Structure formats: C-alpha cells, structure tokens
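Notes follow once the structure below has been shown.
Since the structure is predicted, the reported quantities are computational estimates derived from the model, not experimental observations. Order of the sequence lines sets the chain letters (A, B, ...), proteins ahead of strands, with each chain counted from 1.
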Number of protein chains: 2
Amino acid sequence: MAVAALSRREQNKHDKRARITAAARALFAHKGFAATTTQEIADAAGVAAGTIFTYARTKDDLLILVFHDEMLDVVERARKRALQQPRLRDQAIAFFNEIADYHERDLPLARALMRQLSYVESTDQRALVSQLMRRLTGHLAKLIDAAKATGEVAASRPLTVAARTLFAVYFLHLNGLLNGYLDRAQFERALTADFTLVLAGLAPARAAKSKIQ
Amino acid sequence: MAVAALSRREQNKHDKRARITAAARALFAHKGFAATTTQEIADAAGVAAGTIFTYARTKDDLLILVFHDEMLDVVERARKRALQQPRLRDQAIAFFNEIADYHERDLPLARALMRQLSYVESTDQRALVSQLMRRLTGHLAKLIDAAKATGEVAASRPLTVAARTLFAVYFLHLNGLLNGYLDRAQFERALTADFTLVLAGLAPARAAKSKIQ
DNA sequence: CAAAAATAATGAGCTTACTCATTTTTCTAT
DNA sequence: ATAGAAAAATGAGTAAGCTCATTATTTTTG
C-alpha cells in the first residue's frame with residue numbers, strides 16, 4: 001500500500017479531506033442537504049470556511065465526494081441481491097430495487113444527488129460519476145452474459161447496449177419516483193413492464209413470445 | 001375565447017406575467033441562465049425585485065415557465081420530421097434528433113433545463129413537465145401504433161410501455177450529451193443501437209432477427 | 001359611494017455560497 | 001540550518017436569490 005510514501009503535505013491534505021467529507025456526510029444525514037451550510041461543515045471539520053472550497057469547488061461537489069464510496073457499496077449489495085434470483089428479468093428488477101431502497105431512506109438527499117447527476121460541472125466530478133456508471137452497467141452486463149448460458153438471452157446480443165438500455169429505463173423511473181410522479185408501487189410496475197419489453201428484444205428469435213405480459 | 005371575462009386584477013396579473021416571462025426569455029438567451037440576475041429580469045419587466053417571486057417561486061421556476069411553450073413547438077416539429085421517415089426506428093431517431101438539435105443551439109440553457117427536470121419542486125412545475133412528457137410520449141405512441149399496420153410492430157405490444165422505454169433511452173443519452181460524456185456522434189450511435197434493441201422486442205415473433213445490427 | 005376585506009406589489013434586508021488578497025505551512029536547494 | 005519558492009489555509013468581503021413587513025390596488029359589502 002506504500003503507506004510511508006505520503007509526504008507530510010499529502011498526509012495533511014488527506015486527513016483534512018477525510019474530516020470535511022465525514023462532517024458533511026453527518027450533517028447532510030442529520031439536517032438535510034439544503035439546510036446544512038458550508039460554514040457548519042467547516043466548523044464541524046475544524047477548518048476555515050474557505051478551506052472547504054479548496055477540496056470541493058461547490059457545495060454540490062461535496063455531495064458527490066460524500067456519496068461516491070457509499071454508492072459503490074450499494075451497487076455491490078444490489079449485485080448480491082440480484083444473484084438470488086434465477087431469471088434475468090427478476091435479477092434486473094432486484095438489482096434496481098436495492099438501489100431504490102437506498103434512495104428511499106433519504107429522499108431529499110437522493111433528490112439532491114439526482115439533480116447533481118444531471119448537472120456535472122467539474123472534470124473530477126465527471127470522473128467519479130463515470131466510475132459509478134461503469135461499475136453499475138458492468139454488473140448488469142455480467143448478469144446478461146450469464147443469462148446467455150441459460151438460453152434466456154441470445155448469444156449474439158451486445159452486452160453494453162443491453163445493460164445501458166436497462167439502466168436508462170431505471171434512471172427515468174427513479175427520476176419519476178424522486179420527483180413525485182410515481183409512488184414506489186408504480187415505479188416497480190413501470191420497471192417490470194419496461195424490462196419485459198427490453199428483454200423480449202434480447203431473447204433468442206425462436207423463443208420470442210408474441211404477447212408481452 | 002371569453003376575453004371580456006377577465007377582471008381587472010386578472011388582466012393585470014396576466015400582463016405582468018407575460019412581461020416577466022418575455023424579459024426572462026430574452027435575457028436567458030442573450031447572456032445565459034446563470035449570468036442573468038433576477039434583479040435584471042425585474043428591471044427589464046418593469047416590476048420590483050420581489051414581484052418576480054409572486055409569479056415564480058424560484059429563479060429555476062422561471063426556466064420552466066419560459067420554455068414550456070417553446071418546447072411544445074419543438075415537439076411538434078419533431079413529430080413532423082419523424083413522419084418523413086418510412087420505418088419506425090428511423091422515425092424515432094429523427095424525432096429525438098430534432099429535439100437534440102434544439103438543445104444544442106444553447107447548451108448551457110439546455111443543461112439548466114435538464115437540471116430543473118431532475119428536481120421539480122412545485123406542483124405547478126410538475127404539471128407543466130407532466131404535460132410536456134405526455135405530449136411527447138403521445139406522439140411516439142402514435143408512431144408505434146402506425147407501425148403496427150405495416151407489420152413492423154406486433155399488434156399485441158403495449159404502446160405506452162414502448163413509448164416510455166424509447167423516451168427513457170433518449171433521456172439518458174441527452175443527459176450524456178449535455179454533460180459532456182458523449183459528443184453528438186456518440187449520442188446518435190447510442191440512440192440507434194438502443195432503439196434497435198427495443199424495437200427488436202416490439203417486433204412480431206416470427207420476424208425477430210437473431211442478430212441485432 | 002364609503003368602508004372594509006382581499007389580493008398584489010414593493011424593496012430593504014437577510015442568508016449563504018463562493019472569492020481572493022493575505023498569511024501560514026511545507027518543501028527544496030545550497 | 002536557512003532562504004527562498006511553492007502550496008495550502010484563512011476569513012473578511014461580495015453578490016445574488018429569496019423573505020417578509022409594509023404599502024398600494026382592486027374587489028366586495030352595506
């Protein structure tokens with residue numbers, strides 16, 4: 001891990017970043033994103049108000065910083081939950097339901113995150129979001145690939161396109177859920193219906209059914 | 001049109017709203033959303049600074065107000081452009097390319113709009129966005145329905161699910177385009193690939209091809 | 001028509017994210 | 001070890017979105 005390789009300066013920066021991130025995480029969870037001021041975060045982290053902005057260009061940046069790691073965990077949990085299902089469609093639904101569960105635990109924060117994902121300003125932020133996306137669609141692609149072995153998906157189908165399309169469906173309906181267009185039951189129904197359609201396109205030609213549920 | 005039915009108070013409100021919306025539209029187009037202050041809008045509209053906020057709860061609300069009508073026009077143009085194509089897939093691509101063209105004319109503004117669509121705060125705003133969505137997916141559903149006659153789409157396929165799924169794909173990739181994850185060429189390629197997959201799921205069972213482009 | 005009630009407009013003031021000139025800390029070279 | 005350079009931290013200051021107590025306008029009532 002090359003721990004000793006950190007210079008004093010690097011060590012300080014690392015510690016300070018960790019303190020700021022931890023303080024922000026605690027405050028966001030406790031009083032919500034909008035109600036938390038950058039001054040409070042600075043106080044809790046033991047730094048001056050201006051220091052925040054050498055670690056995050058904007059308050060919104062903090063949101064991405066804080067939740068990047070947490071999201072990676074959620075995606076991993078989602079993968080495990082998906083594997084408990086035998087069929088691809090149910091795997092995909094379980095996968096995204098786990099992520100939706102996570103967001104439903106703190107809706108205002110999830111809304112703030114969603115907003116942020118729709119307006120990425122810095123290159124750093126874009127890199128973090130890209131990493132999350134790749135991780136997520138990578139897991140999906142693996143599930144789809146495995147379904148090729150069971151004959152549920154035709155071998156010729158492109159994995160990345162399929163994974164991306166499933167994610168697109170989820171992304172739209174998560175937006176609906178977070179912005180009050182859908183309740184959770186409607187969200188799940190929409191996900192199921194749309195996934196069924198997409199998976200019909202993935203199925204081998206001879207197995208295609210003429211009726212979509 | 002029941003023009004005479006407007007009371008003096010309603011007439012005043014209507015006029016003032018129109019002045020504010022027009023001023024905001026001009027200023028956003030001229031110097032961009034972020035660079036335009038609510039004070040400038042108020043001055044240009046000939047009202048006090050506080051008056052803005054009796055017509056729009058936030059500056060972001062103004063964005064929705066201003067562009068709602070414009071968007072309806074764009075969707076109508078998109079519909080006409082789509083009808084010039086014979087096949088459903090190309091119709092869908094043409095449809096969304098028209099909308100993407102519109103957004104590309106003013107990327108910063110489109111980004112601000114996209115951000116706003118991901119964080120709807122007031123009921124009024126939600127109603128405006130819902131109306132737009134319904135209009136858009138309604139046109140798509142009509143195109144899909146027409147494709148049933150040509151045999152491109154199986155008669156049993158659910159229109160709203162299909163339209164919604166196409167929109168989901170577009171929505172994700174527009175996000176990618178506006179946030180710099182995709183350039184325009186990548187956007188169109190992604191749209192084409194994903195639409196091809198979705199339409200494979202819509203196709204009649206016997207016509208399904210084993211290879212997706 | 002006058003008084004009272006309801007609605008709308010006003011703009012000074014507040015809050016808070018963010019900036020930037022200055023100061024402090026750390027690193028490097030001799 | 002010390003001077004000088006580079007990087008980081010600081011916090012007072014700024015700007016702008018938004019609030020709200022007050023004022024003005026319109027409608028309703030008697």
Would you tabulate the pairs of protein nitrogen or oxygen atoms and nucleotide nitrogen or oxygen atoms of nucleotides 6-10 of chain D closer than 3.5 angstrom?
| unit_1 | atom_1 | unit_2 | atom_2 | d |
| --- | --- | --- | --- | --- |
| D/dA7 | O4' | A/Arg9 | NH1 | 3.1 |
| D/dA8 | OP1 | A/Lys13 | NZ | 3.0 |
| D/dA9 | OP1 | A/Tyr55 | OH | 2.9 |
| D/dA9 | OP2 | A/Tyr55 | OH | 3.2 |
| D/dT10 | OP2 | A/Ala48 | N | 2.9 |
| D/dT10 | OP2 | A/Thr51 | OG1 | 2.3 |

What are the bounds, 5' to 3', of the part of DNA chain C that sits under 4.0 Å from heavy atoms of chain A?
C/dT16 to C/dC27

Are B/Glu40 and B/Lys31 within salt-bridge range, i.e. N to O under 4.0 Å?
yes

Of the non-hydrogen atoms in B/Lys59 and B/Thr36, which two are nearest, and what is the gap between them?
NZ-O, 2.7 Å

Can you check the B/Ile41 CD1 to D/dG17 P distance for me, whole Å?
8 Å

Does a donor on one side chain and an acceptor on the other come within less than 3.5 Å for B/Arg184 and B/Asn97?
yes

5′-ward residue of the pair B/Arg8/B/Arg57 relative to DNA chain D:
B/Arg57

Is the closest basic N to carboxylate O distance between B/Asp194 and B/Arg189 below 4.0 Å?
no

How many whole angstroms separate atom NZ of B/Lys59 from atom P of D/dG17?
5 Å

Work out which heavy atom in B/Ala112 is nearest to a heavy atom in A/Tyr119; give both atom names and the distance.
N-CE1, 4.0 Å

Closest non-hydrogen atoms of B/Pro86 and B/Glu152, given as atom of the first, atom of the second and distance, are O-OE1, 4.5 Å

Please name the pair of heavy atoms, one in A/Ala141 and one in A/Ala163, separated by the smallest distance, quoted to 0.1 Å.
N-CB, 3.9 Å

Nearest heavy-atom neighbours spanning A/Leu63 and A/Leu113:
CD2-N, 3.6 Å

What's the CZ-P distance between B/Phe53 and D/dC18, to the nearest Å?
5 Å

